[in-house]
A.B. asks: 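Shown below is the structure under consideration.
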Amino acid sequence: MHRVAIHSHVKGLGLDETGNVINSNSGFIGQEKAREAAGIVVDLVKSKKMAGRAVLLAGAPGTGKTALALAISQEIGPKVPFCFMVGSEVYSAEVKKTEIMMENFRKSIGIRLKEVKEVYEGEVTEITPEETDIGGLTKTIARVIVSLKSNKGVKQIKLDPSVHESLIKEKVTIGDVIYIEATSGTVKRVGRCDAYSSEADLEADEYVPLPKGEVLKKKEIIQDVTLHDLDLANSRPQGGRDALSLLGQLQKNKKTEITEKLRNEINKIVNQYLQEGVAELVPGVLFIDEVHMLDIECFSFLNRALESPLSPVVIMATNRGICTIRGSEVQAPHGVPTDLLDRVLIIRTNFYGPNEIAQIIAIRARIEGLQLSDEGLICLTEVAGNTSLRFAVQLLSPASVVASLKGSNVIQKQDIQECQLLFQDAKGSARKLKLAEN
């Protein structure tokens, strides 16, 4: 089942090779200047020239700030970390505000680890757990025997019972191609052996060829992780001491507090890896929506964190004008301290015009699999102009239900007008509240 979210139609910024806006299938309508500015930010992120800098998306509600941020994440690709948070997330009774900020910062900084390790690699031909009695009727797994096949033969290996848990979590079955690290016992499922590719008409798995060479071999392993992943792994170290082996510990349930001392140790290890060429730093993107919800303490942390050599690109969004900074009595543009505003590039988003609103509603109707008549599209465009684009888009699904109850698959103008009588928009509700007060 495919879930349709509010920004499912946004596939990218819709720019050509020269960075100019084009009419494409990206799903992004309007905001030409903002999209071109965001395209420059994407180029800077990809070239790693934007780390430690910040961008502020400023505009009224419903002008596409979050859509712009999601389009940026689509453009930079899955290999660059993109962490999304809302300003109000920092207010918790259990965790300090700066701790939540630091955690999201480190989730946004990627490390590409390259390491040559000894691994057992091949197609699984046998998985046999050996049990032993520990008293009474209770049995436990003493070890697990796994047979792996390559194009040069078959090798049977005896493994620790903890590896059996990893095999279960990776959902390894006979016929899968896997590799097991010789030092740490970390298991990675590569895919299904292509010898089984004809066993099903609908192929829902990735098929890979039978590994070449001996089963036990040296293999270069490349893995993309974040600093937060390494923090978690290092807070409960077991098995191998290298960073890749530590990642296998993420599957454990035990949770340990991540202290500043632990993070400093991780930073030392990462800097050492960077100098040795074992790892590559991949500065990602931290998107903070509703940044005006942060208080003066969080903004002070942001100022300091942006100066760190291990800092991501920070993209913030706000729909506020001149307002008071939380935790102080100072008023500032967008509710952000002026010393931080001096460090950011501000991208403005503007209100959509009638033609752009009609295009957005038509795209949303198509994405949700709804048929909208021409009169219905004109009606919803007028509704968006009188209320908001968000409210007009939200009326699509209820109007389709009203139309289906009448035996029609097409949303008509009358269906939308009926929904307007049933559902109230925010502006209309506020007007009624003021009348009630008077």
A.B. asks: Taking Ser328 for its side chain and Thr324 for its backbone only, find out whether a donor-acceptor pair lies under 3.5 Å.
C.D. replies: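 Looks like no, no N/O pair under 3.5 Å.
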A.B. asks: Can you tell me how far SG of Cys298 sits from CG of Leu340, rounded to the nearest 0.5 angstrom?
C.D. replies: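 The CG atom of Leu340 sits 11.5 Å away from the SG atom of Cys298.
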A.B. asks: What closest approach, in Å, do Thr381 and Pro354 show between heavy atoms, and which atom pair accounts for it?
C.D. replies: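 Thr381 and Pro354 have their closest heavy atoms at CG2-O, 3.6 Å.
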A.B. asks: Between Glu99 and Arg263, is the closest basic N to carboxylate O distance under 4.0 Å?
C.D. replies: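 A salt bridge links Arg263 with Glu99.
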A.B. asks: Answer whether the closest heavy-atom distance between the side chains of Val282 and Lys79 falls below 4.5 Å.
C.D. replies: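 No, too far: nothing below the 4.5 Å cut-off.
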A.B. asks: So, for Phe423 and Pro398, which heavy atoms are closest and what is the spacing to 0.1 Å?
C.D. replies: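 Nearest pair, atom of Phe423 first, then Pro398: CE1-CB, 3.8 Å.
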A.B. asks: Is the side chain of Lys65 donor-acceptor paired with the backbone N or O of Asn319 at a distance under 3.5 Å, no angle test?
C.D. replies: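 Answer holds: no.
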A.B. asks: Considering only NZ, NE, NH1 and NH2 on the basic side and carboxylate oxygens on the acidic side, decide whether Glu103 and Lys107 come within less than 4.0 Å.
C.D. replies: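 Salt bridge: yes.
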A.B. asks: Counting N and O atoms only, with roles assigned by atom type, does the side chain of Asn386 sit under 3.5 Å from a partner on the main chain of Glu382, one being a donor and the other an acceptor?
C.D. replies: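 Yes; at least one donor-acceptor contact below 3.5 Å.
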A.B. asks: Calculate, to the nearest 0.5 Å, the distance between atoms OG1 and CG belonging to Thr226 and Asp229 respectively.
C.D. replies: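 Thr226 atom OG1 to Asp229 atom CG measures 3.5 Å (nearest 0.5 Å).
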A.B. asks: Check whether Glu123 reaches the backbone of Leu210 with its side chain - one donor and one acceptor, N or O, closer than 3.5 Å.
C.D. replies: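 Between the backbone of Leu210 and the side chain of Glu123 there is no qualifying donor-acceptor contact (under 3.5 Å).
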A.B. asks: Tell me the closest heavy-atom pair linking Gly175 and Tyr196, and the distance in Å.
C.D. replies: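 Reported closest heavy-atom pair: CA-CE1, 3.5 Å.
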A.B. asks: Do any N or O atoms from the side chain of Gln74 and from the backbone of Leu13 form a donor-acceptor pair under 3.5 angstrom?
C.D. replies: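 No, because the side chain of Gln74 does not come within donor-acceptor range (under 3.5 Å) of the backbone of Leu13.
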A.B. asks: Going from CG on Leu294 to OH on Tyr91, what distance comes out if it is rounded to the nearest 0.5 angstrom?
C.D. replies: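 Leu294 atom CG to Tyr91 atom OH measures 6.0 Å (nearest 0.5 Å).
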A.B. asks: Evaluate side chain to side chain contact (heavy atoms under 4.5 Å, CB included) for Met293 paired with Val86, printing each intermediate quantity in order.
C.D. replies: CA-CA 8 Å; Met293 293 295 294; Val86 181; 5.9 Å; no
A.B. asks: I want to check something: taking the side chain as every heavy atom from C-beta on, are Met102 and Thr98 in contact at a cut-off of under 4.5 Å?
C.D. replies: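 Answer no - side chains too far apart.
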A.B. asks: Would you say that more than 12 heavy atoms from the other residues, nucleotides or ligands in this model lie under 6.0 Å from the CZ of Arg390, or not?
C.D. replies: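 Open.
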A.B. asks: Working to the nearest 0.5 Å, report the span between OG1 of Thr387 and CD of Gln420.
C.D. replies: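 Separation between the atoms: 7.5 Å.
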A.B. asks: Provide the full list of ring-ring contact (aromatic ring centres under 6.0 Å, His included) pairs with a residue in residues 291-348, sequence neighbours left out, each pair given once.
C.D. replies: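 Sorted result for residues 291-348: Phe105-Phe301.
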A.B. asks: Evaluate the side chain to side chain contact (heavy atoms under 4.5 Å, CB included) criterion for residues Leu389 and Phe351: first the C-alpha distance (whole Å), next the side-chain angles of each, then the deciding distance (0.1 Å), finally the verdict.
C.D. replies: CA-CA 10 Å; Leu389 176 59; Phe351 287 105; over 6 Å; no
A.B. asks: Could you please spell out the steps behind the side chain to side chain contact (heavy atoms under 4.5 Å, CB included) verdict for Lys33 and Arg348?
C.D. replies: CA-CA 8 Å; Lys33 294 297 182 183; Arg348 295 287 306 182; over 6 Å; no
A.B. asks: For a 4.5 angstrom cut-off between non-hydrogen side-chain atoms, does Glu418 reach Lys406?
C.D. replies: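 Touching, per the 4.5 Å side-chain cut-off.
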A.B. asks: Does Thr63 offer a backbone N or O that forms a donor-acceptor pair with the side chain of Gln31 under 3.5 Å?
C.D. replies: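 The answer is yes, because a donor-acceptor pair under 3.5 Å joins these two groups.
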A.B. asks: In terms of heavy-atom contacts, does CD of Glu375 have more than 12 from other residues, nucleotides or ligands at under 6.0 Å?
C.D. replies: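 Atom CD in Glu375 is not packed in, count stays at 12 or less.
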A.B. asks: Roughly how far, to the nearest 0.5 Å, is the CG atom of Leu341 from the CG atom of Leu56?
C.D. replies: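 One finds 6.5 Å between CG of Leu56 and CG of Leu341.
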A.B. asks: Measure the shortest side-chain to side-chain distance between Met85 and Val90 over non-hydrogen atoms and say whether it is less than 4.5 angstrom.
C.D. replies: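 They are in side-chain contact.
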A.B. asks: Looking at side-chain heavy atoms only, is the closest gap between Lys268 and Glu265 below 4.5 Å?
C.D. replies: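 Yes, side chains in contact.
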A.B. asks: Of all heavy-atom pairs between Ala34 and Thr349, which one has the smallest distance, and what is that distance?
C.D. replies: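 Heavy atoms of Ala34 and Thr349 come nearest at CB-CG2, 4.3 Å.
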A.B. asks: Does Lys413 reach the main-chain N or O of Asp374 with its side chain, forming a donor-acceptor pair under 3.5 Å?
C.D. replies: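 Answer holds: no.
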A.B. asks: Let's go through Ile357 and Ile29 carefully: what are the C-alpha distance in whole Å and the side-chain angles of both, what is the deciding distance for side chain to side chain contact (heavy atoms under 4.5 Å, CB included) to 0.1 Å, and is it a yes or a no?
C.D. replies: CA-CA 8 Å; Ile357 290 174; Ile29 304 297; over 6 Å; no
A.B. asks: Is the number of heavy atoms from other residues, nucleotides or ligands under 6.0 Å of Lys212 NZ greater than 12?
C.D. replies: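 Open: at most 12 neighbouring heavy atoms sit under 6.0 Å from NZ of Lys212.
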A.B. asks: So does Ala426 get a backbone contact from the side chain of Ser429, meaning a donor-acceptor N/O pair under 3.5 Å?
C.D. replies: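 The answer is no, because no donor-acceptor pair under 3.5 Å joins these two groups.
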A.B. asks: Could you tell me whether Arg364 and Glu368 make a salt bridge, using a distance below 4.0 angstrom between a side-chain N and a carboxylate O?
C.D. replies: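 Judged by the 4.0 Å cut-off on N to carboxylate O distance, Arg364 and Glu368 do form a salt bridge.
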A.B. asks: Mark yes or no for whether Asp415, through its side chain, and Gln412, through its backbone, hold a donor-acceptor pair below 3.5 Å.
C.D. replies: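 Flag set: sc Asp415 to bb Gln412 pair under 3.5 Å.
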A.B. asks: Mind checking whether Lys114 and Val278 have side chains closer than 4.5 Å, heavy atoms only?
C.D. replies: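 No; the side chains remain at least 4.5 Å from each other.
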A.B. asks: Could Arg343 and Glu307 be called an ion pair, given the rule that one side-chain N must be under 4.0 Å from one carboxylate O?
C.D. replies: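 Looking at Glu307 together with Arg343, the answer is yes, because their closest N to O distance falls below 4.0 Å.
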A.B. asks: Would you give the length of the straight line joining atom CG of Leu262 to atom CG of Leu230, rounded to the nearest 0.5 angstrom?
C.D. replies: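 So the gap between those two atoms works out to 12.0 Å.
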A.B. asks: Decide yes or no for Pro337 and Ile296: does some side-chain heavy atom of the first lie under 4.5 Å from some side-chain heavy atom of the second?
C.D. replies: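 When only atoms from C-beta onward are counted, Ile296 and Pro337 do touch, with a gap below 4.5 Å.
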A.B. asks: Please confirm whether the backbone N or O of Ser311 pairs with a side-chain atom of Ser308, one donor and one acceptor, at under 3.5 Å?
C.D. replies: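 Checked: no pair found.
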A.B. asks: Between Ala38 and Ile347, what is the shortest heavy-atom contact and its length?
C.D. replies: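 Heavy atoms of Ala38 and Ile347 come nearest at N-CD1, 4.1 Å.
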A.B. asks: How about Val21 and Leu15: do any of their side-chain heavy atoms sit closer than 4.5 Å?
C.D. replies: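 In contact.
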A.B. asks: Checking side-chain polar atoms at under 3.5 Å, does Thr173 have a donor or acceptor matched by the opposite partner on Asp176?
C.D. replies: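 Present: a donor and an acceptor within the cut-off.
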A.B. asks: Around Lys97, counting heavy atoms of other residues, nucleotides and ligands shown, do more than 12 lie under 6.0 Å from its NZ?
C.D. replies: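 Enclosed: over 12 neighbouring heavy atoms sit under 6.0 Å from NZ of Lys97.
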A.B. asks: If I compare all heavy atoms of Cys379 with all of Ile416, which pair ends up nearest, and what's the gap?
C.D. replies: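 Taking every non-hydrogen atom into account, SG-CG2, 3.8 Å.
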